[in-house]
Structure formats: C-alpha cells, structure tokens
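Inspection log for the structure reproduced underneath, given as structure tokens.
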Amino acid sequence: MIEKTSFQRLHLQRLHDEFDVNIEPTTNLTGEEQDAWINLAEDALAAKLHAELRVLTKMVNTEARAARELCKKRFASGGGLVGRQG
C-alpha cells in the first residue's frame, strides 16, 4: 500500500465515515494527486450538500406557507387557535 500523510489519512477517513464518500479510488494516490482528489471530493460533497439544503429549504418554506394560509383561514372564520376558546 502506498503511504499517505497523516493529514490525508484523517481527511479521507472523515470523508468516508461522516459523509459516506467512496475513498477506494485513492488507494494508489499520494502527494499532490491525493490532495487534488481530496479537493475534488470536497467540492463534489459541498455541491451535493448545498443542493440537499436547497430542497429542504423549499420544503420548509412550502410547509410554512401552508401553515400561514391555514391560520389565516381559521382566524377569518372566527376559529382562532386550536384549543383556545374565544
């Protein structure tokens, strides 16, 4: 097995353990090639996480809009808040 620096090993292990990144392609990489692979993997991971965050944000905003509309309808009909007697 080709030797990696402790920083590279730690970085690869964290990518694998925390984000399920497949690190098998790095088996024969060292030095600058290894660093370049790590940088590309981090960029791809950041893009993936950003896309997932955008989807979740849309979902939350959609739910919040629906909740606001429901509250407006309840108050307009005199219903008020659930469990509160007016």
- Query: Got a salt bridge between Glu3 and Arg9, using NZ or NE/NH1/NH2 to carboxylate O under 4.0 Å?
  - Reply: yes
- Check the surroundings of atom CD in Glu33: do more than 12 heavy atoms from other residues, nucleotides or ligands lie under 6.0 Å from it? no
- Can you check whether Leu10's main-chain N or O pairs, donor with acceptor, with Lys4's side chain at less than 3.5 Å? no
- Message: The test is side chain to side chain contact (heavy atoms under 4.5 Å, CB included); show your working for Ile23 and His16 and say whether it passes.
- Response: CA-CA 7 Å; Ile23 60 172; His16 178 267; 4.0 Å; yes
- Message: So Leu29 and Gln8, do their side chains get closer than 4.5 Å, heavy atoms only?
- Response: no
- Query: Can you find a pair of side-chain heavy atoms, one from Glu18 and one from Gln13, that are under 4.5 Å apart?
  - Reply: no
- Task: May I ask you to check whether over 12 heavy atoms, not counting those of Glu32, lie within 6.0 Å of atom CD?
- Result: no
- Task: Give a yes or no on this: more than 12 heavy atoms of other residues, nucleotides or ligands lie within 6.0 Å of atom CG of Asp43.
- Result: yes
- To the nearest 0.5 angstrom, please state how far the CG atom of Asp35 sits from the OG1 atom of Thr30. 9.5 Å
- So Lys58 and Arg54, side chain to side chain contact (heavy atoms under 4.5 Å, CB included) or not? Walk me through it. CA-CA 6 Å; Lys58 272 187 178 179; Arg54 286 181 22 200; over 6 Å; no
- Gln34 and Leu12, any side-chain heavy atoms less than 4.5 Å apart: yes
- Item | Spacing of NZ belonging to Lys48 relative to CG belonging to Leu45, to within rounding of 0.5 Å | 6.5 Å
- Message: Do Leu49 and Val21 land in one hydrophobic cluster if side-chain heavy atoms of ILVMFWY residues count as linked below 4.5 Å?
- Response: yes
